[in-house]
Amino acid sequence: MNAKPFTIGVLTSGGDAPGMNAAIRAVVRSAMAKDAKVLGIANGYEGLVNGEFRSMGARDVGGILQRGGTILQTRRSERFKDPKGQREAIRRMNAAQMDGLIVIGGDGSLRGAQALTAQGIKVIGIPASIDNDIWGSDMAIGVDTALNTIMEAVDKLRDTASSHSRAFLIETMGRNSGYLAVMAGIVCGAELVLMPEVNSTVEEVAHAVEDAYLRGKNHAIVLVAEGANIHTTDLSRMLDEMDVGFHTRVTILGHIQRGGRPTAFDRLLASRMGNKAVELLLNNESNVMVGLQGMGLTPVPLAEVTSHTRPAALAYYEMAKMLAR
Ligand code: ADP
Ligand code: F6P
């Protein structure tokens with residue numbers, strides 16, 4: 001009689017991030033190469049609690065490498081946050097004879113993964129969130145694609161800003177992290193960046209915009225992270241009242257930052273991380289997240305990931321200011 005194959009569950013959770021599909025594909029195909037079985041879990045932890053499992057083979061993950069979003073669907077699940085929901089999820093996993101779980105998601109999803117490991121479930125985490133706010137990985141899946149989307153949008157907005165001699169306040173996502181805004185500030189040559197980790201005043205923004213005007217620029221770009229201490233639309237109103245040379249317009253980029261075809265960087269990162277997660281599980285390692293550190297992949301204990309806050313990108317913030325002259 002053949003031994004039961006090692007069975008791996010895989011889910012995507014939290015905000016979707018471009019490259020999640022590439023990670024799912026890598027998990028399925030890497031597992032198949034080692035004669036392990038994969039159960040795809042629909043709808044994140046909500047599907048884990050409900051037992052929404054389906055067997056996945058090579059053809060089920062064909063044609064998804066280049067697609068944004070997640071074919072497994074994702075949810076935020078209040079039920080799973082509750083210990084009762086977690087108990088139900090574990091019951092479902094045991095019934096399906098799941099030997100290990102791969103969680104692809106952001107910092108909240110990894111806290112969920114940690115809650116399961118604390119109850120004896122073998123879990124490997126894969127960081128995926130455009131916010132890049134996860135401890136232990138230089139980059140999460142989706143960040144590079146989101147940054148490229150922002151860059152393309154800001155380049156376009158600069159054309160119209162220059163044609164009308166306007167200041168554009170452009171709001172980026174990131175929840176409490178200013179990573180996307182700061183990096184976009186550098187790659188788009190913004191006049192100023194507002195990030196949640198640094199308190200800014202309206203006077204500072206007014207000064208930067210007016211200064212750009214007085215130096216003869218025909219536009220000013222201010223990148224505002226969604227979590228910044230001044231709200232983008234309030235800022236626009238106040239700048240117009242103060243008369244800073246340019247009239248202002250606001251663009252909130254919103255969920256466009258979460259969609260689209262993953263960049264080569266994200267496809268490669270996701271493929272490597274999916275492959276590594278399977279390798280770790282089959283080597284009987286668990287309770288870690290696959291982190292990108294430098295060019296290499298390193299297992300970082302989930303307990304460490306979830307008990308630390310990733311430091312703000314302050315050196316890049318200073319650099320963005322230095323280059324905006
Ligand atoms: P992200 O993973 O993108 O940060 P969320 O913060 O919304 O997204 O988390 C996704 C899901 O992870 C939540 O809806 C919840 O089901 C689960 N989760 C988050 N925090 C915890 C926690 N402390 N304990 C258990 N599950 C959690
Ligand atoms: O975590 C990813 C993210 O896009 C954040 O940048 C943003 O604050 C949040 O999710 C938006 O969540 P929702 O998709 O529920 O609107």
Side-chain angles (χ1 to χ4, degrees), residues 8-34 36 38-42 44 56-74 100-110 112-113 123-150 173 179-180 183 257-282 288-300 302 305 310:
I8 300 172
V10 60
L11 62 80
T12 49
S13 166
D16 64 333
M20 279 181 160
N21 279 329
I24 297 166
R25 173 180 176 271
V27 165
V28 170
R29 295 200 174 164
S30 305
M32 286 184 72
K34 303 285 178 192
V38 175
L39 291 176
I41 299 152
M56 293 182 91
R59 294 283 66 76
D60 297 309
V61 291
I64 66 169
L65 179 61
Q66 70 279 19
R67 281 169 52 194
T70 159
I71 60 160
L72 286 175
Q73 302 273 298
T74 181
L101 177 69
I102 296 178
V103 170
I104 305 168
D107 61 340
S109 306
L110 296 167
V123 190
I124 305 283
I126 294 183
S129 162
I130 65 163
D131 302 341
N132 217 24
D133 56 352
I134 301 168
W135 172 271
S137 192
D138 294 345
M139 292 290 275
I141 293 169
V143 177
D144 185 64
T145 306
L147 191 52
N148 275 281
T149 300
I150 297 169
M173 273 189 168
Y179 184 93
L180 282 176
M183 295 307 175
Q257 295 161 94
R258 289 235 299 260
R261 301 164 68 232
T263 56
F265 180 93
D266 275 328
R267 295 182 202 192
L268 187 57
L269 183 66
S271 301
R272 290 176 68 200
M273 285 182 163
N275 179 258
K276 186 74 177 176
V278 170
E279 180 194 305
L280 288 169
L281 262 186
L282 295 181
V288 293
M289 177 192 78
V290 181
L292 178 74
Q293 299 190 355
M295 296 294 281
L297 296 183
T298 307
V300 186
L302 280 170
V305 173
R310 186 188 167 100

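Below, each value reflects all heavy atoms present in this structure, side chains not excepted, and no hydrogens, waters or symmetry copies. Sequential numbering from 1 along the given sequence is applied to the chain's residues.
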Could you report the tightest heavy-atom contact between T74 and T12, atom names first, then the distance? OG1-O, 3.5 Å
I need the minimum non-hydrogen distance between T145 and T263, along with the two atoms involved. OG1-N, 3.0 Å
Would the distance check show the side chain of R310 and the main-chain N or O of S137 forming a donor-acceptor pair, the cut-off being under 3.5 Å? yes
CG/D16 to OG1/T70 distance, rounded to the nearest 0.5 angstrom? 8.0 Å
For the pair R267 and R261, evaluate side chain to side chain contact (heavy atoms under 4.5 Å, CB included) and give the outcome as yes or no after the intermediate values. CA-CA 9 Å; R267 295 182 202 192; R261 301 164 68 232; 3.5 Å; yes
Any heavy-atom pair between the side chains of V143 and M183 that's under 4.5 Å? no
Run the side-chain contact (heavy atoms from CB on, under 4.5 Å) test against V278 and tell me which residues pass, sequence neighbours left out. I8, V27, S30, A31, I102, L282
Least distance between heavy atoms, M56 atom then I24 atom: CE-CG2, 4.2 Å
Which pair of heavy atoms, one from D60 and one from I71, lies closest together, and at what distance? O-CD1, 3.8 Å
side-chain contact (heavy atoms from CB on, under 4.5 Å) partners of D107, counting only residues at least two apart: R111, D133, I134
Between atom CD of Q257 and atom CG of D131, what is the distance when rounded to the nearest 0.5 Å? 9.5 Å
Using modelled atom types only, decide if a donor and an acceptor are shared between the side chain of D266 and the backbone of G142 within a distance under 3.5 Å. yes
Separation between CG of D138 and CE of M295, rounded to the nearest 0.5 Å: 10.5 Å
Within the structure provided, determine whether I141 and P262 are in side-chain contact (heavy-atom separation under 4.5 Å). no
To the nearest 0.5 angstrom, please state how far the NZ atom of K276 sits from the CE atom of M273. 11.0 Å
Value for CG (L297) from CE (M289), rounded to nearest 0.5 Å, stands at 10.0 Å
Closest non-hydrogen atoms of N132 and A140, given as atom of the first, atom of the second and distance, are OD1-N, 3.0 Å
Closer than 3.5 angstrom, by distance alone: can the side chain of Q293 be matched with the main-chain N or O of G136 as a donor-acceptor pair? yes
Rounded to the nearest 0.5 Å, what separation is found between the CG atom of D144 and the CG atom of L269? 9.0 Å
Kindly determine whether I41 and L72 satisfy side chain to side chain contact (heavy atoms under 4.5 Å, CB included), including the steps that lead there. CA-CA 7 Å; I41 299 152; L72 286 175; 5.9 Å; no
Kindly indicate whether the side chain of I130, heavy atoms from C-beta on, has any atom under 4.5 Å from the side chain of P18. yes
Taking all heavy atoms of S129 and all of A17, pick out the closest pair and write down the distance. N-CB, 4.0 Å
Apply side chain to side chain contact (heavy atoms under 4.5 Å, CB included) to residues V288 and I124 and explain how you reach the verdict. CA-CA 5 Å; V288 293; I124 305 283; 3.7 Å; yes
Restricting to side-chain contact (heavy atoms from CB on, under 4.5 Å), what partner residues turn up for A58, sequence neighbours left out? R29, M32
